[in-house]
Amino acid sequence: MTKNERTFITKADFMLHGGDYNPDQWLDRPDILADDIQFMQLAHTNTFSVGIFAWSALEPEEGIYKFEWLDKIFDDIYSIGGRVILATPSGARPAWMSQKYSEVLRVNAARVKQLHGGRHNHCFTSPVYREKTQQMNRLLAERYGQHPALLMWHISNEYGGDCHCNLCQNAFREWLKEKYNHNLKAVNDAWWGPFWSHTYSDWSQIESPSPNGERMVHGLKLDWRRFVTDQTIDFFKNEIVPLREVTPNVPVTTNFMADTFDLIPFQGLDYSKFAKHLDVVCWDAYPAWHNDWESTADLAMKVGFINDLYRSLKQQPFLTMEMTPSLVNWHKVNKAKRPGMHLLSSMQMVAHGSDSILYFQWRKSRGSSEKFHGAVVDHDNSPNNRVFQEVAKVGKTLEKLAEVVGTNRPSDVAILYDWDSNWAINDAQGFGSDTKRYPQTLQQHYRTFWEKDIPVDVITKEQDFSKYKLLIVPMLYLMSEQTISRLKSYVSGGGRLVMTYISGLVNEHDLTYLGGWHQDLQEMFGMKPVETDTYYPNDRNAVRFRDKSYELKDYATVIEVNGAEVEGIYQDDFYADTPAITSHQYGEGKTYYIGGRLEYRFQSVFYQEIIKELALEPTSDITHGKGVSVQVRRAPEKDYIFIINFTEQSQSVTLGSTVKDVITGEELTGHLTLDKYEVRIAEKQK
Ligand code: GAL
């Protein structure tokens, strides 16, 4: 990728700094609201997401609206040069609505209607809720659409979960009718109906997966998840109708999530579909820094992976919509960020393409479940504590990075992530129930490049493959004919493709391919996988590659070669001395197949050869030891280089050329020592 021009995703030409602001919790404390405006300036903040859970403050009784408080917030924020990201409040609703219109309440998989309370728990099909959200959103757009402080729309909050009410069941059936051209036989065929007598003779018999019933029908489960994604997007599209009408030039976003604790992409919705409907992708990043099960650098690598996935969804910068300035309240252990970690973790986001650092939240609540969640302003109401000061430091740093806004991160390497395949492989009863770990496996492949500072895009199956020199497709269990044919064109056109064990076993309905591995894959790889062997946790094998032995666990594929070069062989078990790793010239390109789950050391060596052959360059000429990461954002005339020390020790790095420190303005050359958790940002003229 060579795109170097800047893309201003929100039209702001400065780094956004601020976050979720909930003045609706403090309306009877004008003194506190006045402090907020003063402290916002002290914290070097400029952008606030307002109204996210404010429905009961905006419409305390049905049809009775109160906007005056929000008018004042808009004006006050604007008076200090700030901007507002205005939220639609559908993430939580007032009690009067649940009481009067019970259809808005969600029904869980066991078919139990949930009581009012909590949040993120509406039915996404309910016509009443759709009407109510549209009404509210129209009023917000009409009232604030022209306000100069309005920067962007924040639609709802962290969409997720599913509803199993009758409205949703019917909507699911309609979705299926459309997908399968009103042909029930096609549904039965796709879902392998005769298995355990699951053939349907009428549409009305089809139900969403329940905890003990339909969950064995994998095709149904997969379609249900796709439906949930589509229905959530449909709800979102309904929300933005009045916004597009009244404020066509104001961008819309909704905050994506990740699954903590392993820090993998959010599993509930297919974000590759959702991103198409957003102007801007943003996400809420809550890594468990300083945890006791992995190194800071290992966790940073996972954050990098998600950043690169969410950035690649639209191939443009993204926003960090939420992160904590200190700690959260919902991890098992809610540890405070150590001094320096806040700046470090913020700059990592920016280095990977974020044009903002926004927090949850500006001011700590006084009561309820988030009263101990970290915030910029603590219960002491003071700008003098450590956390506030660290936030102000991030603010000052971001002010020096205005030219980074809108810049991209070109890359020659892509890793393919697929939500469909992840759902399907997790459903698959087979292999090892605890060892599939699809997203984690991708992160391990990503790690090789992250450690070498080679930029990576994490793309999805419909994106353009042809611009990458190397495409890595680990464990793509589900592969449609269409994906296979896209991969085939990529390789025949000169691409390098790496694939692994448990790939290409089922089609888009989660039905296995008959006649062995797909013929096209067999041709592309010059081999076929004939058996997948799953190991017990303590089982080990080894693979010999370039005269060295590497440990293998979890999975091994027995391979039958038909034209491929054998690059590595198993050392043990009934397939000892048979091929474990192969490569094959195909068309103008080349494929590689890695048959088993090999230790990380192998991967480094394996990819190093390809990196050399393809002349894949690190993003800068800076060299350093383990745990330091260098990431670059490329502006038209300059590179912005982020040198980040994710270790608990000081680290020496060697600069390949003279650069200028963006913060201090000094020229840097030769060696540089970075303290524990220190980050340096340098610019280099092209
Ligand atoms: C997010 C959510 C915020 C807040 C935050 C706490 O998932 O969007 O509203 O609850 O978590 O970490």
Side-chain angles (χ1 to χ4, degrees), residues 16 18-26 47-58 84-93 117-122 152-161 232 236 239 252-269 271 274 278 280-291 299 303 306 310 318-337 341-342 345-346 349 354 356-379 387 391:
L16 310 184
D20 283 21
Y21 179 36
N22 300 306
D24 42 307
Q25 294 178 17
W26 301 95
T47 301
F48 297 90
S49 311
V50 181
I52 298 178
F53 299 111
W55 202 326
S56 64
L58 293 167
V84 173
I85 298 176
L86 184 56
T88 66
S90 64
R93 57 186 180 277
R119 60 172 180 175
H120 302 158
N121 53 7
H122 58 267
M152 188 170 50
W153 289 106
H154 180 299
I155 311 303
S156 201
N157 192 66
E158 294 189 337
Y159 285 112
T232 305
F236 162 90
E239 280 216 45
V252 300
T253 190
T254 188
N255 41 348
F256 285 174
M257 296 176 264
D259 279 354
T260 320
F261 301 89
D262 233 358
L263 214 76
I264 54 174
F266 180 62
Q267 312 281 288
L269 297 170
Y271 283 162
F274 211 150
L278 307 178
V280 174
V281 167
C282 64
W283 76 287
D284 301 344
Y286 292 106
W289 294 114
H290 319 291
N291 67 47
L299 178 55
V303 179
I306 300 185
Y310 292 173
F318 61 94
L319 297 180
T320 306
M321 187 55 86
E322 292 179 25
M323 72 189 292
T324 177
S326 51
L327 41 77
V328 297
N329 67 329
W330 51 270
H331 288 172
K332 278 194 185 137
V333 172
N334 299 294
K335 192 165 182 171
K337 281 179 172 174
M341 177 48 81
H342 183 49
S345 55
S346 300
M349 303 302 286
S354 177
S356 71
I357 295 298
L358 300 165
Y359 307 112
F360 182 85
Q361 62 178 332
W362 168 254
R363 178 182 284 278
K364 256 184 199 178
S365 318
R366 180 155 188 216
S368 293
S369 76
E370 288 180 330
K371 61 178 174 294
F372 295 121
H373 191 290
V376 181
V377 184
D378 209 327
H379 297 137
V387 169
V391 166

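Only heavy atoms go into these numbers, but all of them, side chains included; no hydrogens, no water, no symmetry mates. Note that ligands are numbered from 1 as they come in the structure, with each ligand's atoms numbered from 1 the same way. Index from 1, following the sequence. Computed from a predicted model, the values in this text were never measured in an experiment.
Contact annotation for Met257 and ligand 1: no heavy atom of the residue comes within less than 4.0 Å of the ligand. When non-hydrogen atoms are compared, ligand 1 lies under 4.0 Å from neither the backbone nor the side chain of Ile52. Counting heavy atoms under 4.0 Å from ligand 1, residue Gln361 does not touch it at all. Counting heavy atoms closer than 4.0 Å to ligand 1, residue Asn157 contributes side-chain atoms (C-beta onward) but none from N, CA, C or O. The side chain of Arg119, and not its backbone, has at least one atom closer than 4.0 Å to an atom of ligand 1 (non-hydrogen atoms only; side chain from C-beta on).
A donor and an acceptor atom, one from each side chain of Gln25 and Ser365, are located under 3.5 Å apart. Between the side chains of Asn334 and Asn329, no donor-acceptor pair of N or O atoms lies under 3.5 Å. Between Lys337 and Thr324, the side chains place no donor N or O within less than 3.5 Å of an acceptor N or O (distance only, hydrogens not considered). Under 3.5 Å, the side chains of Tyr359 and His342 contain a donor-acceptor pair of N or O atoms.
A side-chain contact (heavy atoms from CB on, under 4.5 Å) with Ser354 is found for one member of Phe318, Trp283, Tyr310 and no other, namely Phe318.
Evaluated by nearest non-hydrogen atom to atom 1 (C) of ligand 1, the leading choice among Met321, Met323, Glu322, His120 is Glu322. Closest heavy-atom approach to atom 10 (O) of ligand 1 among the candidates Glu158, His373, Glu370: Glu370.
Of all atoms in ligand 1, numbered sequentially from 1 with element shown, those under 4.0 Å from a heavy atom of Phe53 are 9 (O). For ligand 1 and Asp284, the ligand atoms under 4.0 Å from any heavy atom of the residue are 8 (O).
Ring geometry for Phe53 against His120 counts as tilted: the plane angle lies between 30° and 60°, on a 0 to 90° scale. Using bins of under 30°, 30° to 60° and over 60° for the plane-to-plane angle, the ring pair Phe256/Phe274 lands in the tilted bin.
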